[in-house]
Amino acid sequence: MTAFKEIEKKLIQQAKELLERGEVAQVIAYGRGYDDQHPMPYVAKTVADADNLVFNEFCTFNLVGYLMRCPPGIKVAIVVKGADSRAVVQLIQEAKLRREDLVLLGIPASGMVDQKTGKIIDAQTTGGQINPVLCDYLLGEEKYGRTESPYQVLKPLEVMGKDDRWQFWQNELSRCLRCFACRKACPMCYCDPCFMDQSRPRWADKSPTAEGSIMYHLTRFYHLAGRCIDCGNCSRSCPVDIPLYLFHKKLAQDCEEMFGQAAGMRIEDKPVMVDFRVEDTDEMLK
Amino acid sequence: MSRIGVFVCHCGMNIAKTVRVNETVEFARDLPEVVVAEEYRFVCSTPGQELIFNDIKKYNLDRVIVAACSPLMHEKTFRKVSEAAGLNQYLVTIVNIREQCSWVTEDEDEATSKAKALINGAVYRARLLAPLSSRVIDVHPDVVVIGGGIAGIQAALEIAAVNRNVYLIERTPSIGGHMAQFDKTFPTLDCSACILTPKMDAVLQNPMIELLTYSEVAEVKGYVGNFDIKVKHKATCVNHKKCNGCQACVEKCPARGISEFDEGLNKRKAIYIPFAQAVPQKPVIDRESCTYFLKGKCRLCEKVCEQGAIDYDQEDTFREIKAGAIIVATGYDLMDTKPLVQYGYGKYPGVYHALEMERLFNSAGPTGGKVVMRDGSEPQSVAILHCIGSRDKNHHEYCSRVCCMYSLKFAHLLKEKTKGDVYQLYIDMRAGGKGYEEFYNRLLEEDVKFIRGKAACVTDRTKNPEEAGKLIVEVDDTLTGKFTRIPVDMVVLSPAMTARKDAKEMARLLNLSTDKNGFFLERHPKLAPLSTMTDGVFIAGTCQSPKDIPDTVAQATGAAAEALVVVMKEKMELEATTAFVNAAACCACQNCVKVCPYGAPFFNAEKNVAEINEALCKGCGLCAAACPTSAIITRHFTNDQIMAEMEGLMEF
Amino acid sequence: MDFEPKILGIACNWCTYTGADLAGTTRLKYPQNLRMVRVMCSSRINPSFVFRAFQLGADGVLIGGCHPGDCHYGTGNMYARRRLAITKKILEFAGLEPGRFRVEWISASEGNRFAEVVTEFTAAVKGLGPQTKLKVSHDG
Amino acid sequence: MLKKIEQGKLSELVTALIDQGPLYAPVRDDRGVNFQSIRSPLAVTLDFYNSVLSPKAVFFPQSEDLISYRLGRGEPTAKTTPLPTAQTILLGVRPPDAYSFFLMDELFLGSGIVDPYWQSRRDLTVVIGYPFINQTPDAVDFYSSLGISATDTRGSDIFLIKKNGELLFKGLTEKGNALLAKQAALFTEATGDDEQYYLAALAQGAAIVTRNLDCDPKRTASKLENLFADTAFWEQMAAACISCGTCTFVCPTCHCFDIADENIFRDGARRRFWDACMFTDFTLEASGHNPRSRVYQRLRQKVCHKYSYYIRNFGVISCVGCGRCTRSCPVNIDIFTIIAEAMKK
């Protein structure tokens with residue numbers, strides 16, 4: 001607990017310095033929501049604003065998506081946890097962000113808690129990535145060693161028979177309301193319009209038919225293959241709690257195995273689905 | 001609502017034997033939007049074509065479906081009929097009920113139901129087809145040839161022969177390339193200069209050829225028919241327009257530089273013409289060795305030049321050239337053998353590489369054609385080592401193709417000039433060209449010692465007095481199975497021919513692909529060996545792969561013909577089935593820009609959308625499937641059309 | 001009556017489609033369950049086409065392209081291979097039988113290979129029975 | 001009419017109600033409680049605070065077919081989907097939600113155009129309300145602000161109250177009493193003690209106070225009208241908004257819908273289904289122009305529709321303070337806070 005307070009203090013101080021020096025136009029971080037357990041994304045634009053910043057175990061929301069609203073050429077600071085920093089790296093690879101526009105306030109955040117379930121999410125999402133892969137200021141002690149593989153949570157689904165797995169996803173995806181919180185919360189889902197909003201072609205029914213929802217999610221899984229950085233925003237944002245992160249994580253694992261590259265780790269990488277290597281083999285089609 | 005006409009062909013009995021045509025036509029007639037369905041014995045025959053023509057008119061059809069043989073057979077035929085009847089050719093759909101239906105089964109039920117499904121798919125798709133037209137562009141009549149070796153020279157001459165303007169761009173001070181360095185050419189042993197010099201002169205004399213030596217390609221824009229090439233002319237410090245080639249400057253120049261042409265075996269002046277027959281006969285100043293540039297005084301050449309052609313302040317200049325086609329003939333580099341320390345090149349003065357040998361044999365070379373080593377002595381024994389860096393998985397897996405033959409040529413010349421012992425250390429003797437095997441047989445009778453085995457190393461560590469002062473070549477003789485030490489005076493390496501060190505840079509400029517060895521990749525290894533993935537850019541000679549002079553010349557002639565096919569037309573039609581970007585749906589992810597092998601999509605940063613240069617587009621659809629927002633529309637293969645066809649195919 | 005699967009094929013124009021034509025010209029026989037869509041390159045195939053095909057009731061989906069390295073467009077199928085590999089993983093993790101989706105490189109000269117692949121794939125899909133998981137129920 | 005039944009016999013009652021017609025009741029799964037069509041009586045739970053999704057879908061399904069058609073081979077056919085005819089029971093509705101049906105009646109029935117789908121379902125459905133008794137209100141609820149009490153009877157036909165192992169059913173309307181009469185065999189008559197208990201419970205419930213804010217409809221409406229052009233205010237309120245449709249989908253009073261023809265193999269239906277003003281394409285015009293292209297414009301639309309336009313149109317605020325939007329918001333945007341901020345202006 002004290003660790004979070006410590007981080008919060010450093011965050012406020014760092015934000016103030018950056019704003020005071022005029023180094024950044026705004027600091028994208030968290031502020032108080034309607035109570036302590038529900039912090040909200042918050043943009044501090046003045047030194048006085050910086051006093052409103054908070055950081056605690058409920059600050060799970062990956063803020064990187066908000067960067068897409070900032071015009072290029074204006075310097076912005078943003079709080080990034082492990083997975084969030086990977087989102088930044090991935091978006092730089094995709095030429096959606098420019099490194100020179102960003103001041104990254106890295107937080108090695110472990111013990112983060114899902115606001116709805118109260119459970120610690122470290123092993124669930126975040127890809128086992130506690131320390132930011134890229135940051136300018138580190139607001140806290142780096143934490144090393146992970147107890148289990150980030151893919152451990154996939155085990156139960158992997159050992160399931162295919163029919164059970166189908167049933168599992170059928171149950172989950174049929175709950176989908178098509179509120180599109182998953183894509184709107186996802187920092188990688190920057191497409192405007194999304195393929196789902198297209199009328200030519202209409203990839204899936206606009207009405208919430210089961211087949212349309214399956215088409216939406218399978219295609220979205222594909223669009224995020226090799227790009228998902230496992231922040232878990234999609235799943236935590238879902239009002240009906242569909243564990244989308246499991247599917248994304250599975251494909252992240254597959255991409256890592258097949259193409260030897262994890263999403264958002266190095267700025268100089270090229271996203272795996274718009275790349276190939278001469279050494280690629282048909283093994284991947286097996 | 002569309003007005004679709006369906007025409008089902010019997011193809012004699014080819015289709016009708018297994019597909020119940022009548023039933024299929026009945027089925028088609030009943031499909032939504034189909035206004036007429038007909039059958040005919042041979043729809044591709046004149047009466048068959050008339051049937052379609054008349055029905056288009058009679059029923060005012062706006063879509064035509066022909067169920068017959070493969071579209072690869074008669075699509076063009078039926079498109080023509082349609083155009084003739086006033087219906088855009090892209091509104092015709094061919095349903096393959098012969099090659100992929102009637103011919104591959106004997107079961108009538110199976111064949112008939114498949115034929116129906118395929119027709120249904122076409123009906124679903126037809127409604128969504130759009131009329132397309134090819135864009136016609138003007139073609140610039142000129143051709144650019146990059147590289148002034150034998151390939152470039154040959155290509156330029158061929159093109160000029162039909163009165164087309166050619167720009168021949170060469171980066172050294174003279175054209176001629178590697179061939180100009182050679183003494184004799186195998187297997188005929190005719191003098192290289194004797195056959196090359198007239199061609200070089202022809203280039204100079206030909207008014208259709210503009211020679212741009214000491215020049216490099218800096219930038220290429222545009223596309224087939226309309227390339228814009230920016231050429232950098234490096235500063236020569238000599239105004240070639242004023243220079244009359246008297247060479248008084250060369251004579252008086254006190255400074256010396258290393259002769260590139262003589263492979264460093266000799267010195268040349270700081271102001272120089274690389275070799276006697278060089279074209280053009282105009283000197284350049286090498287600033288690295290010029291006294292004036294090094295020390296700030298001298299200017300002797302300026303003083304002796306009656307033309308006032310010397311211009312020390314000259315700077316690199318740039319020039320824009322327009323052309324309809326480009327031929328790339330940038331040649332090869334000889335592999336640098338220094339890193340192969342086991343062969344001692346650079347360590348032992350007695351070790352030479354093949355191009356150095358060429359210069360040693362050449363009567364215009366550093367030794368006046370005498371085989372004299374760096375220490376001034378004549379070798380009493382010479383070992384020629386094949387496959388240095390070629391056929392070697394650690395370096396270059398490929399065979400360099402010419403080494404066996406020039407090594408034999410060297411052996412012959414050594415025998416002629418030195419009377420010493422000559423050893424050939426080879427892995428296999430490859431003599432696949434015209435007259436090559438005969439040449440090999442001739443050498444077998446010339447007292448050359450052939451040892452089948454790849455040399456392991458060259459050393460000066462002697463083991464007995466007989467080896468004293470010699471270089472020892474160690475080799476496993478694979479015929480005798482014995483490990484052999486051969487003491488010789490001189491070792492000649494036959495290194496791999498490699499891609500130019502800056503081939504990748506050239507590839508980037510022209511959007512070419514390179515193979516795993518760095519050579520330029522041809523569009524198809526068999527059927528389009530001179531074309532590249534970039535339309536209007538052709539390759540010839542050793543920039544494509546190692547090859548000998550006859551093959552190089554043949555390729556150059558072929559590339560010239562290919563280039564002429566492009567520029568002889570005043571106008572050209574661009575592919576109609578290209579892709580374009582629906583800007584409203586573009587999410588600016590630039591996936592299309594990243595994946596396109598032709599560089600057709602580009603990012604318009606101002607509008608924050610991708611755009612496609614349709615002149616470069618080949619319509620493969622790679623970008624369309626990479627586009628997450630379906631903003632890219634591949635004409636004639638749109639998402640809508642493909643998915644509709646799938647729906648039709650799966651309905652029944 | 002025996003279950004006759006519906007198989008949707010998507011083949012590139014230059015290799016597999018031409019290979020299929022060759023199978024016909026040489027009068028090879030194979031089961032008629034396959035209905036093929038022709039595209040210019042296997043890289044044109046959007047994974048959503050595959051999902052859609054299964055929704056439309058395909059019991060199996062067969063993709064055909066040029067051998068990697070022989071793509072008419074140079075590198076198209078190198079990208080296609082990665083996309084289709086992920087497509088396969090998605091279908092598999094969703095719980096579809098992996099045997100229902102196959103990618104084969106069949107050149108224009110491999111008419112008999114085309115016939116073999118179709119024969120073998122049809123039998124395999126037949127063995128898996130009707131595909132009901134993704135198929136949209138439709139009472140037509 | 002007050003009737004009672006032992007709590008243990010709830011499943012018997014549920015079985016009887018299922019026989020009578022479709023029954024919607026709260027069901028708990030691992031993700032919380034929601035109203036579902038009940039097939040097994042054991043699924044019903046009365047042990048919950050409130051459902052994740054509002055029960056509006058019973059009257060206004062997320063998707064419904066209006067017309068179905070066949071356009072394949074042969075003659076094309078089309079038929080209108082018949083309106084429902086079976087009596088439906090909706091059990092366990094919390095008073096703010098029950099009141100939301102009233103608010104929606106204004107639009108679907110009272111605006112001069114009667115929506116037959118809404119009307120038929122409203123007419124056919126008996127709403128069994130389930131007032132909050134002895135329940136601490138959730139931190140984000142604010143129904144008190146909107147003049148709705150925890151025991152508000154508006155919108156309910158019957159009230160259900162727990163009483164130590166027994167369930168009391170109080171008929172509030174004719175429709176409600178008719179249902180109780182029809183199932184009379186299962187019930188026992190309530191005693192005077194039960195009557196006392198019922199009244200006491202109601203009184204107890206009525207005393208519950210949630211977060212409170214003075215939002216008189218007329219004043220709120222004009223306040224927001226004045227604030228409409230205050231872009232800075234709305235941008236600040238929407239700074240965190242990701243523009244998903246979650247709030248509108250869980251909301252009991254959001255009622256926007258889209259209509260589309262959807263088909264497979266040329267057979268299909270004209271459907272209407274929920275849409276959300278928070279979606280980018282909600283107001284996208286065919287020209288490509290979007291009058292509400294910015295996030296703040298969309299959030300403003302949602303808030304103003306409920307707290308301003310609806311008042312101008314129907315005289316009432318179209319929000320019941322159930323707190324669902326706040327609870328479900330991925331970034332914890334709280335409409336109560338927005339209104340509170342607006343009123344301060």
Side-chain angles (χ1 to χ4, degrees), chain B residues 18 69-73 94 96 98-107 109-115 117-118 120-121 125 513 521 523-525 532-533 577 579 594-598 618-627 630 634 636-637 639 641-643 645-652, chain C residues 4 6-14 17-18 20-49 52-58 61 69-80 83 111 114-115 118 135 138 140:
Chain B
T18 38
C69 52
S70 170
L72 306 181
M73 291 289 296
I94 309 296
N96 186 343
R98 193 180 74 174
E99 280 84 346
Q100 298 190 16
C101 185
S102 72
W103 275 350
V104 287
T105 183
E106 279 156 359
D107 185 318
D109 291 339
E110 270 192 356
T112 308
S113 72
K114 183 173 182 176
L118 295 177
N120 194 44
R125 182 170 185 260
S513 304
L521 193 64
R523 174 171 288 185
H524 190 280
T532 65
M533 297 307 284
T577 57
K594 288 177 191 132
V595 298
C596 179
Y598 307 101
K618 295 273 161 290
C620 64
L622 171 57
C623 56
C627 178
S630 354
T634 327
H636 211 55
F637 291 94
N639 288 317
Q641 290 165 358
I642 293 171
M643 298 230 288
E645 183 175 353
M646 279 168 35
E647 199 169 336
L649 292 178
M650 287 293 110
E651 185 173 8
F652 300 109
Chain C
E4 283 299 337
K6 277 187 198 170
I7 296 174
L8 188 98
I10 311 180
C12 85
N13 178 65
W14 306 98
Y17 193 87
T18 314
D21 274 1
L22 180 63
T25 349
T26 35
R27 306 298 199 279
L28 299 171
K29 302 292 178 257
Y30 57 82
Q32 296 308 292
N33 309 61
L34 176 77
R35 289 104 192 253
M36 256 195 345
V37 176
R38 179 171 66 116
V39 291
M40 293 314 279
C41 177
S42 54
S43 69
R44 174 67 190 89
I45 299 164
N46 193 315
S48 300
F49 294 166
R52 186 65 184 154
F54 283 118
Q55 291 199 331
L56 289 168
V61 173
D70 290 351
C71 177
H72 182 80
Y73 303 99
T75 49
N77 57 7
M78 301 298 284
Y79 292 101
R83 289 176 191 160
F114 179 84
V118 175
K135 184 178 179 178
H138 168 252

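The chains referred to below are lettered A, B, ... by the order of the sequence lines, with proteins before strands, and numbering in each begins at 1.
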Are the side chains of [X] and [Y] in touch, meaning some heavy atoms are under 4.5 Å apart?
X     : Y      : answer
C:F49 : B:N639 : yes
B:L72 : C:N13  : yes
C:Y79 : B:L622 : yes
C:L56 : B:M646 : yes

With a 4.5 angstrom heavy-atom cut-off, could you sort out which part of [X] is near chain B: side chain, backbone, both or neither?
X      : answer
C:R38  : both
C:M36  : both
C:F114 : neither

Pairs of heavy atoms under 4.5 Å with chain C: top-ranked of B:E651, B:R523, B:K618: B:K618

Could you check which of B:T634, B:L649, B:T577 has the highest count of heavy-atom pairs closer than 4.5 Å to chain C? B:L649

For [X] and [Y], work out which heavy atoms get closest and say how close.
X      : Y      : answer
C:Y73  : B:P597 : O-CG, 3.4 Å
B:A625 : C:S43  : CB-O, 3.2 Å
C:K29  : B:W103 : NZ-O, 3.0 Å
C:C41  : B:C620 : CB-O, 3.6 Å

At a heavy-atom distance under 4.5 Å, which candidate from [options] has the highest pair count against chain B?
options             : answer
C:T18, C:L8, C:I7   : C:L8
C:I10, C:T75, C:L28 : C:L28
C:Q55, C:R35, C:Q32 : C:Q32

Measure distances from B:E106 to the heavy atoms of chain C and classify the residue's part below 4.5 Å as side chain, backbone, both or neither. both

In terms of heavy-atom proximity below 4.5 Å to chain C, should B:L118 be classed as side chain, backbone, both, or neither? side chain

Identify which one of B:M73, B:R98, B:Q100 satisfies the side chain to side chain contact (heavy atoms under 4.5 Å, CB included) criterion when paired with C:D21. B:Q100

With a 6.0 Å cut-off (strictly less than), is the heavy-atom count around NZ of B:K594, excluding the residue itself, greater than 12? yes

Between C:R44 and B:F637 (side chain of the first, backbone of the second, donor and acceptor by atom type, cut-off under 3.5 Å), is there such a pair? yes

Pairwise distance CD(B:E99) to OH(C:Y17) - rounded to 0.5 angstrom: 8.0 Å

